[in-house]
Amino acid sequence: MQIQDIPKAELHLHIEGTLEPELMMQLAKRNGVAIPYKSVDEIRKAYEFSDLQSFLDIYYAGAAVLQTRQDFYDLTWAYLERAAADNVRHVEIFFDPQTHTERGIAFDVVLDGIHDALEAGESKLGITSRLILCFLRHLSADEAMATLELALPHTDRIHAVGLDSSEVGHPPSKFTEVFDRARDAGFLSVAHAGEEGPPEYIVEALDLLHVRRIDHGVRCLEDAALVERLVREQIPLTVCPLSNVKLRVFDTLAEHNLAKLLDAGLCVTINSDDPAYFGGYIGENFVQTQKALALNAQQLKTLAENAFKASFLPADDIERHLADVDAAFNATPA
Ligand code: ADE
Ligand code: ZN
């Protein structure tokens, strides 16, 4: 069996991070937006990052080409087609409304475009989905609260809230009240923590934001008591191996701690984060990580199962997907 054929769920994917250079150029032309690149090659060459912030600067600038409902549809549809090629069956997608509302794009334009594509993804590609609104943690808690207000009429289309952007210096505790209000409104929650930030941020995300999953979380291994708790409570970690190398969290994929996280009994999943910027979609993350860490078939199966178990799908859907994973691995050994 090929890794590509494993039924997958993707739980850590920023839709703005799927903006391929070709689409960026096309939308810049379509919308008359000036970008500091003359060609697709020039854009690709700019994607050398020294840390999270050096990436975020380029990523937020690139998002300026996204203007209309059709643009957000095209962006999301292109991702879904790519995901289908990797046998992705379910996606839980982040979007960053503040990146767009700050530029004068209406919240509903963003949400409607993404949502239309997600509906088409289910009817045409059979990919189910959930949408997660992320607050930008480098902005204030008041701004996050104002963004939450915009989301309140859309609990039918937005399933959960999350927290992303520049981690260090912006601990989860800054957003305790925002997440309290979000949970009262019926949203589930997740948060980026322990990517560049310390293990204490993971503890805060659990204790103060009451998150269901930790996005990244790779620095948890620095705190043995935290690891024990994450294992005991089976809190999923949505790990993004190629992202971690591109943003220099690990120097090489061979040095990534994913196998150690699995060995410790943590509920680890593999995801692509911002695939247009980091050199690979979920299938490529599986393939390259398997190779670099010599993951065996059982480990690959566990990773695939964990993603469905960690999803926000109802229990009977999870069971159905787990049976599909089992069938794929039973068909021929990996
Ligand atoms: N936004 C998009 N990708 C991100 C990442 N890897 N960490 C934090 N914020 C992000
Ligand atoms: Zn992320």
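Both ligands and their constituent atoms are indexed starting at 1 by order of listing. Just so you know, these numbers come straight off a predicted model, no measurement behind them.
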task: For atom 6 (N) of ligand 1, grab the closest protein heavy atom and report residue, atom and distance to one decimal in Å.
output: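 Heavy-atom neighbour on the protein nearest atom 6 (N) of ligand 1: Asp273 OD2, 2.7 Å.
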- request: Identify the protein heavy atom lying closest to atom 9 (N) of ligand 1, giving its residue, its atom name and the separation to 0.1 Å.
  value: Ser165 N, 2.8 Å
- prompt: Is Glu195 close to ligand 1, meaning an N/O of one under 3.5 Å from an N/O of the other?
  reply: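 Yes; at least one N/O pair falls below 3.5 Å.
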message: Please name the atom of Asp273, limited to N, O or S, that comes nearest to the Zn ion (ligand 2).
response: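 Sorting the N, O and S atoms of Asp273 by distance to the Zn ion (ligand 2) puts OD1 first.
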message: For the Zn ion (ligand 2), give me the closest N/O/S atom belonging to His14, just the atom name.
response: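 It is NE2 of His14.
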query: Does a side-chain heavy-atom distance below 4.5 Å link Ile105 with Val110?
result: yes
message: Is the distance from the ring center of Phe94 to that of His192 below 6.0 Å?
response: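 Centroid distance Phe94-His192: below 6.0 Å, so yes.
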- request: Compute the centroid of each ring, for Tyr59 and then for Phe55, and state whether the two points are separated by less than 6.0 Å.
  value: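 So the answer is yes for these two rings.
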What part of [X] sits under 4.0 Å from ligand 1 if we count only heavy atoms: the side chain, the backbone, both or neither?
{"X": "Glu16", "answer": "neither"}
{"X": "Tyr59", "answer": "side chain"}
{"X": "Asp96", "answer": "neither"}
{"X": "Glu167", "answer": "neither"}

- request: Answer yes or no for Gly17: is there a heavy-atom contact with ligand 1 below 4.0 Å?
  value: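 Gly17 does not count as a contact of ligand 1 under the 4.0 Å cut-off.
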query: Are any of the heavy atoms in Glu196 under 4.0 Å away from ligand 1?
result: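 Checking ligand 1 against Glu196, which is what was asked, there is no heavy-atom contact under 4.0 Å.
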task: For the pair Asp207 and Arg229, find out whether any cationic side-chain nitrogen is under 4.0 Å from an anionic carboxylate oxygen.
output: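 Here Asp207 pairs with Arg229 in a salt bridge, since their nearest N and O are under 4.0 Å apart.
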query: Is it true that Arg320 and Asp316 have a side-chain N and a carboxylate O under 4.0 angstrom from each other?
result: no
field: Residue Glu233 excluded, over 12 heavy atoms near CD under 6.0 Å
entry: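 Above 12, so yes.
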- request: Tell me, with the steps shown, if Asp108 and Arg157 meet salt bridge (charged side-chain N to carboxylate O under 4.0 Å, His left out).
  value: CA-CA 11 Å; Asp108 286 11; Arg157 294 191 286 171; 5.6 Å; no
Element-labelled atoms of ligand 1 that are located less than 4.0 Å from some non-hydrogen atom of Phe55: 2 (C), 3 (N)
